[in-house]
Protein chains: 2
Amino acid sequence: MSKSDIRHLQIADYLIAQIKKGTYRIGDKLPSEHELCDKFQANHHIVRTAVARLINMGWITAHQGKGAFVISRPEVFPYQLSARTGFSENLKEKAVPHRGQLLHHDRRHPTQQECRYLNLETHEFIYDLRIKRFINETPVSLSKTIICEKDIPNLENYLTNFKSLYKILSDHYRISPVRTKSIVQAILPNLEDVLMLQLPENVPLVQIRSFANHPNGHPFEYTLSKMRSDTCHYVIDF
Amino acid sequence: MSKSDIRHLQIADYLIAQIKKGTYRIGDKLPSEHELCDKFQANHHIVRTAVARLINMGWITAHQGKGAFVISRPEVFPYQLSARTGFSENLKEKAVPHRGQLLHHDRRHPTQQECRYLNLETHEFIYDLRIKRFINETPVSLSKTIICEKDIPNLENYLTNFKSLYKILSDHYRISPVRTKSIVQAILPNLEDVLMLQLPENVPLVQIRSFANHPNGHPFEYTLSKMRSDTCHYVIDF
DNA sequence: CAGTGGTCTAGACCACTAC
DNA sequence: TAGTGGTCTAGACCACTGT
């Protein structure tokens, strides 16, 4: 049996084609799962996995009790990946409501890997920040940032009423980190990501691991971020 | 009912934790689905969706008749995303067996979108190339490239025994395109991608849309590529 | 052949929405 | 209350692997 014979993939493919063709337009309600079962002479399960595929691919959303609707694609925001910009800097030029929420912060010794990344000794200290970011009050990304403590003593003092990390670094330390390298992957969210970002279980995320230097040139910051790419695209200008 | 109560997500999470902890090591066989059903007192279906999740997340592979095994992560290849490099140029420095296969080529008029991208009129011509790329004989990416015909007349003549597009451009036209912009997203494969890349249905892919100029500065090439990110990571140096 | 993963059916029960 | 999507059970049948 070939993949192309698989019933739920066929059904998903057919529904996507219908949406592309305009049979179902943006905002339209799809037939109910019950109706789709009749139409395709298939089981509830099969129809559901097909529908789930459309949800994960970003074609539709479903709401219990209401139905499944072709997505009115929210505006997609370009997120510039460059040597100099952070999340807020990127969006504030545009008139986009956005914010960062500090989930957790910690001052601790670095792990061995973090020592390699930031060129530190294990007895030194780092700050470990977990940040959740929103656009239009929709959660779009989770990130974990590790920064050398010696460059930014007493960071804790500035973390109340957190808004933007790069703003704190700029306002209180006059540091504007310089991104040197980013590694890009596509991943599926783990259970924590699913809960934190209120995602369907199989929506793909862009994961970026970035390294940034202190303006004076030494390794300063390591960030791992995971972002939904249905609301935000990374853009690189060369 | 919260997402964290969902049985198959719990089971997947548990199995992942076991792999991380080392209970199952690289190359080990997981218990059979039947055994997992017993262990978790859950249905075949539920166990299977949990297992499917691990497959899609890249933790395990499954083979009919044999079992499911913790993945011996194949070497991950860094793919440099820069202004000047193509696929082959990127990998040939490393001793990695790789090749490109030309699936299809066409000389035709551009669509309206392609006209905008390449600054063309609808009566001009473009080449439309579909290329599938392999690393170690594993298919890793599919791409669609649109190039202005006027800069590369009679491209057809050089497409037999296709190996690398950028090599053809360099050898026969002395053109080395300059990438100006890339847009990065995470997507799920459509049915065609699944078949062509021999993928599990829900493995996330990195999709990159790139624009490149002719060395003399005018828009020259537009490429949409989809790549598995379990075998290849995009790396950007700033 | 038995054991394993892969696809599908039939049907129960729940939670949410709209009327 | 009826209709909708969401989770799960029980069990059939197939395809592939190793003996």
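So that the names make sense, note that chain A is the first sequence line, chain B the second, and so on, each numbered from 1.
Regarding A:His34, its NE2 atom lies at a distance of 12 Å from the C1' atom of D:dA2, rounded to whole Å. For A:Glu33 and D:dT4, the CD to P distance is 10 Å, given to the nearest whole Å.
Not a single donor-acceptor pair under 3.5 Å links the side chain of B:Lys226 to the backbone N or O of B:Asp193. Between the A:Asp5 side chain and the A:Ser2 main chain, a donor and an acceptor come within less than 3.5 Å of each other. Not one N or O on the side chain of B:Arg48 forms a donor-acceptor pair closer than 3.5 Å with the backbone of B:Glu33.
From the 5' end on, the contacts that DNA chain C makes with chain B at under 4.0 Å to a non-hydrogen atom open and close at C:dG3 to C:dT9.
Between A:Gln41 and A:His44, it is A:Gln41 whose nearest contact on DNA chain C lies nearer the 5' terminus. Nucleotides of DNA chain C nearest to B:Gly67 and A:Ala42 differ in position, and the one nearer the 5' end is that of B:Gly67.
Using a 4.0 Å heavy-atom criterion, one finds that B:His45 contacts the bases of the nucleic acid, with or without backbone contacts as well. The residue B:Arg7 sits close only to the backbone: its heavy atoms come under 4.0 Å of sugar-phosphate atoms, none of a base.
A tilted orientation is assigned to the rings of A:Phe211 and A:Tyr222, their planes being inclined by 30° to 60°. By the 30° and 60° cut-offs, the orientation of the rings of A:His63 relative to A:Phe69 is tilted.
Under 4.0 Å is where a charged nitrogen must lie from a carboxylate oxygen, and between A:Glu192 and A:Arg130 no such pair does.
A donor-acceptor contact under 3.5 angstrom links the side chains of B:Thr23 and B:Gln18, judged on distance only.
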Where do N or O atoms of nucleotides 15-19 of chain D meet protein N or O atoms at under 3.5 Å, pair by pair?
| from | atom 1 | to | atom 2 | distance (Å) |
| --- | --- | --- | --- | --- |
| D:dA15 | O4' | B:Gln64 | NE2 | 3.3 |
| D:dA15 | N3 | B:Gln64 | NE2 | 2.7 |

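Residues A:Leu195 and B:Ser4 have side chains in contact (heavy-atom distance under 4.5 Å, counting atoms from C-beta outward).
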